[in-house]
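Structure, as structure tokens:
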Amino acid sequence: MAEVLVYVDHVDGAVRKPTLELLTLARRIGEPVAVHLGAGADEAAKVLGEHGAVKVLTADAAEFADYLVVPKVDALQAAYDAVQPAAVLVPSSAEGKEIAARLALRIGGGLITDAVDLEAGDEGPVATQSVFAASYSTKSRVTKGTPVITVKPNSAAPEAAPAAGTVEQLSVTFGELATGTKVVSRTPRESTGRPELTEAAIVVSGGRGVNGAENFPLIEALADSLGGAVGASRAAVDAGWYPHTNQVGQTGKSVSPQLYIAAGISGAIQHRAGMQTSKTIVAINKDEEAPIFELVDYGVVGDLFEVVPQLTDEIKTRKG
């Protein structure tokens with residue numbers, strides 16, 4: 001069976017959930033070979049092996065942390081040259097998509113971004129994408145060269161499948177462009193204790209109907225009761241009620257959780273583009289003709305200031 005390269009997204013060796021999803025998808029089309037760059041490879045290899053990685057190629061160099069993107073592309077190209085894989089899978093983050101695009105250009109392969117599913121085909125992997133603001137689903141494959149595919153978080157449930165997970169050192173030669181853009185400072189993101197928005201299985205978002213920053217604790221309380229992340233519509237962000245980093249939509253972040261709850265959001269196409277691939281969608285809005293109700297699985301016509309606190313209380317009660 002052909003091997004499939006999987007780029008590992010991690011924080012100091014702690015493997016992030018989208019990578020485990022990629023390993024699950026990679027097993028559908030071949031044998032996963034993980035590429036871990038930076039510190040913490042030995043600890044990460046255990047987790048990667050538990051989720052199906054037959055090999056873990058590792059490299060650690062200051063360039064990966066001190067410079068942007070290009071050193072990682074150099075390393076992934078070295079892994080490609082060593083393995084000659086049937087496909088390369090990369091998490092569909094902003095950085096991941098840049099890495100994938102640069103790699104595809106170097107190896108003369110085709111690029112598919114933001115896939116939401118992956119399956120084996122007679123002529124290579126077939127990727128499913130949501131297009132035109134998630135109004136349609138398409139299936140496509142690369143017809144020339146090795147496919148490089150980025151996959152959106154929450155596209156598959158991680159499945160354990162113990163494999164060898166043999167650790168091998170990857171020899172990387174950095175090109176002249178590797179040190180072109182240096183990272184001069186970093187500011188740690190303040191932790192809220194909530195999951196990362198794009199990776200969360202549950203997202204609760206508030207919109208114009210929240211009617212002020214002072215009311216967003218209602219949305220936060222509901223999200224916390226469910227163990228979910230907090231999102232916001234563009235209207236709420238533009239009004240200064242919630243940080244831009246939490247914006248869901250075409251000009252914000254795309255999410256695809258198992259459960260998406262929209263409170264006080266009308267459902268403009270800009271917002272729908274960022275959340276329409278959610279598995280189950282619930283809307284709370286006092287306007288029964290709000291566009292959001294066109295795509296929901298469950299809709300509640302009511303005042304969010306009455307519905308959300310009751311829902312939060314009921315969830316807490318049921319949880320004990």
Side-chain angles (χ1 to χ4, degrees), residues 3-26 31-83 85 87-107 148-153 158 163-191 195-199:
E3 294 178 321
V4 178
L5 281 185
V6 173
Y7 177 75
V8 177
D9 184 10
H10 68 95
V11 179
D12 297 329
V15 180
R16 300 179 69 174
K17 180 170 169 278
T19 298
L20 305 183
E21 297 172 9
L22 290 188
L23 291 171
T24 298
L25 293 172
E31 294 186 331
V33 175
V35 180
H36 183 286
L37 306 178
D42 290 339
E43 190 64 29
K46 299 175 184 177
V47 177
L48 297 169
E50 290 171 358
H51 287 81
V54 295
K55 284 190 295 188
V56 180
L57 303 180
T58 69
D60 190 8
E63 283 83 353
F64 297 134
D66 293 345
Y67 297 90
L68 292 181
V69 180
V70 177
K72 297 175 182 178
V73 181
D74 288 341
L76 203 52
Q77 183 178 8
Y80 170 84
D81 292 340
V83 173
V88 182
L89 305 186
V90 182
S92 210
S93 61
E95 181 184 73
K97 283 188 276 193
E98 183 174 355
I99 290 172
R102 287 172 177 265
L103 178 67
L105 186 62
R106 288 190 186 188
I107 66 176
V148 181
I149 304 171
T150 75
V151 181
K152 294 179 71 171
T166 305
V167 178
E168 297 182 8
Q169 291 298 313
L170 177 66
S171 177
V172 181
T173 301
F174 296 111
E176 293 182 2
L177 298 178
T179 56
T181 307
K182 185 176 178 62
V183 178
V184 295
S185 66
R186 285 187 172 86
T187 302
R189 182 183 300 173
E190 291 186 16
S191 175
E196 167 64 31
L197 180 60
T198 57
E199 300 174 17

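- Interatomic distance, CG of D9 versus OG of S92, reported as 11.5 Å (0.5 Å rounding).
- Surrounding CG of D81 are more than 12 heavy atoms belonging to other residues, nucleotides or ligands, all under 6.0 Å away.
- Residues passing the salt bridge (Lys or Arg N to Asp or Glu O under 4.0 Å) test with E199, sequence neighbours excluded: R16.
- Rounded to the nearest 0.5 Å, atoms OG1 (T24) and CG (L89) are 11.0 Å apart.
- When all heavy atoms are compared, the tightest approach of G96 to V90 is O-CG1, 3.4 Å.
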Show me the donor-acceptor pairs within less than 3.5 Å that the side chains of residues 164-185 make with the rest of the protein, sequence neighbours left out.
residue	atom	partner	partner atom	Å
Q169	NE2	T58	OG1	3.1

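- Screening I107, V35, V148 for a side chain to side chain contact (heavy atoms under 4.5 Å, CB included) involving Y80 leaves a single residue, I107.
- Looking only at distances, no side-chain donor or acceptor of T19 sits under 3.5 Å from a matching main-chain atom of V8.
- Formation of a donor-acceptor pair under 3.5 Å by the H10 side chain with backbone atoms of L37 is found in this model.
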Verify side chain to side chain contact (heavy atoms under 4.5 Å, CB included) between L20 and V47, making sure each step is shown before the conclusion.
CA-CA 9 Å; L20 305 183; V47 177; 3.9 Å; yes
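- K55 meets the salt bridge (Lys or Arg N to Asp or Glu O under 4.0 Å) test with E3; sequence neighbours excluded.
- The environment of E43 atom CD is sparse: at most 12 non-hydrogen atoms of other residues, nucleotides or ligands sit within 6.0 angstrom.
- In this view, E63 satisfies the side-chain hydrogen bond (donor to acceptor under 3.5 Å, both in side chains) rule with no residue, not counting sequence neighbours.
- Residues V73 and L103 come closest through the heavy atom pair CG1-N, 4.0 Å.
- Sorted by first and then second residue, the salt bridge (Lys or Arg N to Asp or Glu O under 4.0 Å) pairs with a member in residues 87-102 read K72-E95, K97-D114, E98-R102; sequence neighbours excluded.
- When the side-chain hydrogen bond (donor to acceptor under 3.5 Å, both in side chains) test is applied to Y67, no partner is found at least two apart in sequence or on another chain.
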